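Worksheet: the structure to be examined is printed underneath.
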Amino acid sequence: MTEAAEIFFESLPARAPDILGGLADGTLQIDLGSDHRTEHWLVRMRPGSVQVSRERGPADAIWYSSAALFDRLITGEAQSVAAVLRNESTFSGNVVLFLAFRRFFPDPPGTRDPRDTARRAARRPT
C-alpha cells in the first residue's frame with residue numbers, strides 16, 4: 001500500500017460532511033491489488049459521515065482496483081467511472097455507493113468548473 005493511499009483513506013472521515021449527501025448509506029469494500037496480494041478497506045458511508053477500517057466484511061458493494069490505478073485516482077490523473085468502463089477495475093453491488101465514493105477523488109489537474117469560468121468572465125469589464 002502506498003503512503004498516498006493511506007493518507008487518502010485517513011482523510012475520509014474529516015472530509016465526509018462536505019462530500020456525502022443523503023444517498024450514500026451502506027458499506028463499500030475496496031480491494032486494492034498489488035504484487036499478487038490484495039489489501040482490503042471497508043468504507044462505511046452514512047449521510048455526512050464515513051468510518052474506515054482495514055477489514056473485509058459484509059459489504060453492500062465491492063470495488064476492485066490495482067493499487068497503481070488507485071494512486072492515479074487519488075491524484076486526479078484517472079477517473080473511476082472511466083476505469084470501470086474500460087475494465088481496468090471492477091465493481092459489483094450498490095452502484096450508488098461507488099458513485100458517492102468517487103466524489104472523494106480530486107478533479108483532473110488543470111480542470112476548472114465551467115461555472116467559475118463564466119463568473120469570472122461576467123465580472124470582467126467590457
Side-chain angles (χ1 to χ4, degrees):
M1 178 61 51
T2 65
E3 184 177 343
E6 293 271 349
I7 292 168
F8 173 80
F9 280 109
E10 289 172 4
S11 75
L12 296 182
R15 297 172 52 213
D18 296 330
I19 293 176
L20 289 182
L23 293 178
D25 193 359
T27 304
L28 173 64
Q29 179 177 307
I30 300 171
D31 296 338
L32 302 178
S34 176
D35 297 327
H36 305 292
R37 68 176 230 251
T38 302
E39 301 214 11
H40 307 283
W41 293 88
L42 202 59
V43 180
R44 183 174 205 174
M45 293 183 272
R46 301 286 180 256
S49 72
V50 166
Q51 294 173 322
V52 178
S53 67
R54 297 292 305 265
E55 302 171 8
R56 281 178 91 165
D60 301 302
I62 299 173
W63 178 29
Y64 173 82
S65 171
S66 70
L69 172 61
F70 196 79
D71 282 347
R72 292 189 355 253
L73 291 167
I74 62 178
T75 60
E77 296 171 19
Q79 298 297 308
S80 57
V81 173
V84 169
L85 293 174
R86 285 191 306 264
N87 207 28
E88 294 175 347
S89 67
T90 59
F91 176 82
S92 65
N94 184 345
V95 72
V96 172
L97 297 175
F98 173 70
L99 296 174
F101 184 80
R102 75 186 178 117
R103 296 182 67 205
F104 285 104
F105 297 129
D107 293 328
T111 60
R112 292 179 293 214
D113 185 327
R115 294 169 293 195
D116 292 337
T117 303
R119 286 183 198 113
R120 279 193 293 276
R123 283 184 271 185
R124 288 187 203 138
T126 54

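This is a predicted model, so every value here is computed, not measured.
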- Query: Which pairs count as ring pair (Phe, Tyr, Trp, His ring centres under 6.0 Å) when at least one residue sits in residues 72-100, sequence neighbours excluded?
  - Reply: Trp63-Phe98, Phe91-Phe98

- Item | Pairs where residues 78-87 contributes a residue and the test side-chain hydrogen bond (donor to acceptor under 3.5 Å, both in side chains) is met, not counting sequence neighbours | Arg86-Glu88

- Query: Quick one: salt bridge (Lys or Arg N to Asp or Glu O under 4.0 Å) partners of Arg120, sequence neighbours excluded?
  - Reply: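 Salt bridge (Lys or Arg N to Asp or Glu O under 4.0 Å) list for Arg120, sorted by chain: empty.
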
Is it true that [X] and [Y] fall in one hydrophobic cluster, defined by side-chain heavy atoms closer than 4.5 Å?
X      : Y      : value
Ile7   : Phe101 : no
Val95  : Val81  : yes
Phe105 : Val50  : yes
Phe8   : Val52  : yes

Rounded to the nearest 0.5 Å, what's the gap from [atom1] on [X] to [atom2] on [Y]? Could you check?
X     : Y     : atom1 : atom2 : result
Tyr64 : Ile30 : OH    : CD1   : 13.0 Å
Ile62 : Asn94 : CD1   : CG    : 12.5 Å
Leu97 : Arg44 : CG    : CZ    : 11.5 Å

List, one per line, each side-chain donor-acceptor pair under 3.5 Å for residues 69-78, sequence neighbours excluded.
{"from": "Asp71", "atom 1": "OD1", "to": "Thr2", "atom 2": "OG1", "distance (Å)": "2.7"}
{"from": "Asp71", "atom 1": "OD2", "to": "Thr2", "atom 2": "OG1", "distance (Å)": "3.3"}
{"from": "Thr75", "atom 1": "OG1", "to": "Asp71", "atom 2": "O", "distance (Å)": "3.3"}
{"from": "Thr75", "atom 1": "OG1", "to": "Arg72", "atom 2": "O", "distance (Å)": "3.1"}
{"from": "Thr75", "atom 1": "OG1", "to": "Glu77", "atom 2": "OE2", "distance (Å)": "3.3"}

Throw together a table of side-chain donor-acceptor distances under 3.5 angstrom for residues 13-29, partners on residues two or more places apart or in other chains.
{"from": "Arg15", "atom 1": "NH1", "to": "Ser11", "atom 2": "OG", "distance (Å)": "3.4"}
{"from": "Arg15", "atom 1": "NH2", "to": "Phe104", "atom 2": "O", "distance (Å)": "2.5"}
{"from": "Asp25", "atom 1": "OD1", "to": "Arg46", "atom 2": "NE", "distance (Å)": "3.4"}
{"from": "Asp25", "atom 1": "OD1", "to": "Arg46", "atom 2": "NH1", "distance (Å)": "2.9"}
{"from": "Gln29", "atom 1": "OE1", "to": "Gly57", "atom 2": "N", "distance (Å)": "3.3"}
{"from": "Gln29", "atom 1": "NE2", "to": "Asp31", "atom 2": "OD1", "distance (Å)": "2.9"}
{"from": "Gln29", "atom 1": "NE2", "to": "Asp31", "atom 2": "OD2", "distance (Å)": "3.2"}

- Query: Under 3.5 Å, side chain of Arg103 to main-chain N/O of Leu99, donor-acceptor pair present?
  - Reply: no

